[in-house]
Amino acid sequence: MLEFDPQHCTLCPRQCRGDRTRRGGRCRMPAEPVLARAALHQWEEPPLSGTRGAGTVFFSGCSLGCVFCQNEAISQCDFGQPVSVSRLWEIFQELIGAGAHNIDLVNPTHYAHVVLEALEEPLPVPVVWNSGGYDKVETLRALEGKVQIYLPDFKYPDVQGAERYSGAADYPETAKAAIQEMVRQTGPYVLDGDGILRRGVILRHLLLPGRLKQAKEVMDWAASAFPPKTILFSLMSQYTPWGRAAQFPPLDRPLRRGECRGAAAYLANLGLEGFVQEESAARAEYIPAFDLTGV
């Protein structure tokens, strides 16, 4: 049972008790869902995108507020269109009808109450909870049985980085607890005969400029926290200086080739199973068009 008081919201770790009847709180979003895009997406990890695409639904607003967010238009500038929960359910059905391998909920943390309502009846494809990893364990527990795949980031293993770039000194321990809860719910990952993920956790880490040491710390934690064949690890090298990154050196520069190759080599040496994003992904044209497609 998820407790949600729209006048005193405590869904996310910020615990801001914002009034979401007035677009209050750190996420700046109302209680009803606000969407920026809903479409088939070919650029998730291979077991999610498959051959037909993931059915991505992009929610507006965010309670984390990373200074480098490439989805700034929706996460911090709040572009989007309010929809009803019944319309959200219709969008799920439209994406499934178009061939989506899954329903990929992007940045749903502040809309957990909406997700639960929309998923009252199970879908014929897996549901993906695609979040920044900054989730409350209590909120995640309410989703058990409704979400089959978790796709969290683990952005910062260090308090200093979390505070500087997201204003969330509690991020490292909060994310670790959240990811462990996600793995408890799903168990070891399960692929079908076509290599499509049916259940499990893909743990993402976005490599940031000047933070190869911290990337290695994230990989070390993943390797030590979970037995082999439990999770998949996704090392992302798509970083492009964006948003307020220019004010936070060294985030004001692209990744260096040595950083990308050093991180990939470290992942391989650890034996973590998963994916390494190509360096060519660090281009602005890969950012989705937030234009209300499918909304």
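The chain is numbered in sequence order, starting from 1. Bear in mind the structure is a predicted one, so any value in this text is a computation, not a measurement.
Proximity of a side-chain donor or acceptor of Gln81 to a complementary backbone N or O of Leu35 within less than 3.5 Å is not detected. A donor-acceptor contact shorter than 3.5 Å is absent between the side chain of Gln214 and the backbone of Asp158. Between the side chain of His110 and the backbone N or O of Cys12 there is no donor-acceptor pair closer than 3.5 Å. Of the possible polar contacts, one joining the Asn107 side chain to the Gly61 backbone as a donor-acceptor pair under 3.5 Å is found. Listed for the His113 side chain is a donor-acceptor partner under 3.5 Å among the backbone atoms of Ala31. Counting only distance, with no hydrogens or angles, the side chain of Asn71 and the backbone of Ile74 share no donor-acceptor pair below 3.5 Å. Side-chain atoms of Arg37 come within 3.5 Å of backbone N or O of Ala289 as a donor-acceptor pair. Counting only distance, with no hydrogens or angles, the side chain of Arg52 and the backbone of Gly99 share a donor-acceptor pair below 3.5 Å. The main-chain N or O of Ile196 is never found under 3.5 Å from a side-chain atom of Asp194 such that the two would form a donor-acceptor pair.
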As a quick check of understanding, evaluate side-chain contact (heavy atoms from CB on, under 4.5 Å) for Gln70 and Thr240, giving each step before the final call. CA-CA 8 Å; Gln70 294 182 348; Thr240 301; 3.4 Å; yes
For Arg141 and Glu144, what are the C-alpha separation, side-chain angles and deciding distance, and is it a salt bridge (Lys or Arg N to Asp or Glu O under 4.0 Å)? CA-CA 5 Å; Arg141 284 176 180 157; Glu144 188 165 5; over 6 Å; no
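Every residue two or more places apart in sequence or in another chain that forms a side-chain hydrogen bond (donor to acceptor under 3.5 Å, both in side chains) with Asp220 is listed here: Tyr266. Glu94 meets the side-chain hydrogen bond (donor to acceptor under 3.5 Å, both in side chains) test with Arg87; sequence neighbours excluded. With sequence neighbours excluded, no residue forms a side-chain hydrogen bond (donor to acceptor under 3.5 Å, both in side chains) with His205. Residues passing the side chain to side chain contact (heavy atoms under 4.5 Å, CB included) test with Arg22 are Asp19, sequence neighbours excluded. Applying the ring pair (Phe, Tyr, Trp, His ring centres under 6.0 Å) test to Phe92 and every residue at least two apart in sequence or in another chain returns nothing. The salt bridge (charged side-chain N to carboxylate O under 4.0 Å, His left out) test applied to Arg253 returns Glu259, not counting sequence neighbours. In this view, Lys229 and Tyr189, Glu273 satisfy the side chain to side chain contact (heavy atoms under 4.5 Å, CB included) rule, not counting sequence neighbours. Ala73 meets the side chain to side chain contact (heavy atoms under 4.5 Å, CB included) test with Phe290; sequence neighbours excluded. With sequence neighbours excluded, no residue satisfies salt bridge (charged side-chain N to carboxylate O under 4.0 Å, His left out) with Arg20. Partners of Asp5 by side-chain hydrogen bond (donor to acceptor under 3.5 Å, both in side chains), not counting sequence neighbours, listed by chain and number: His8. Listed by chain and residue number, Trp221 satisfy the ring pair (Phe, Tyr, Trp, His ring centres under 6.0 Å) test with Phe154 (two or more places apart in sequence, or in another chain).
Of the candidates Val218, Leu64, Leu206, Lys155 forms a side-chain contact (heavy atoms from CB on, under 4.5 Å) with just one, namely Leu64. Between Pro157 and the choices Lys216, Arg211, Lys176, Lys213, the side-chain contact (heavy atoms from CB on, under 4.5 Å) rule is met once, by Arg211. When Leu140, Ile149, Asp104, Val106 are each tested for a side-chain contact (heavy atoms from CB on, under 4.5 Å) with Trp129, only one passes: Leu140.
Ser237 and Cys260 make their closest contact through CB-SG, 3.9 Å (heavy atoms, listed as atom of the first residue, atom of the second, distance). The two residues Val201 and Pro152 have their closest heavy-atom pair at CG1-CD, 4.0 Å.
The closest side-chain heavy-atom distance from Gln148 to Arg199 is below 4.5 Å. Two residues are said to be in side-chain contact when any heavy atoms from C-beta on lie closer than 4.5 Å; Ser60 and Asp78 fail this criterion. Between Leu143 and Tyr150 the shortest side-chain heavy-atom distance falls below 4.5 Å. A 4.5 Å side-chain heavy-atom check between Trp242 and Phe68 finds every atom pair outside the cut-off. Side-chain atoms of Cys62 and Gln76, non-hydrogen and from C-beta on, never get closer than 4.5 Å to each other. With contacts defined as side-chain heavy-atom distances shorter than 4.5 Å, the pair Ser131/Met182 qualifies. Side-chain contact between Thr10 and Arg17: present, with at least one pair of heavy atoms (C-beta onward) separated by less than 4.5 Å. Here the side chains of Tyr134 and Asp153 are not in contact, with every heavy-atom distance at 4.5 Å or above.
Separation of atoms CG (Leu197) and CG (Leu48) is listed at 5.5 Å; rounding is to 0.5 Å. Note that CD1 of Ile91 and CD1 of Ile103 are 9.5 Å apart. Values are rounded to the nearest 0.5 Å.
Using cut-offs of 30° and 60° on the angle between ring planes, the pair Tyr156 and Tyr171 is perpendicular.
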Would you list the atom pairs, donor with acceptor, under 3.5 Å between side chains in residues 116-128 and any protein atom, with sequence neighbours excluded?
none

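Using a cut-off of 4.0 Å between Lys/Arg side-chain N and Asp/Glu carboxylate O, Glu45 and Arg204 are scored as salt-bridged.
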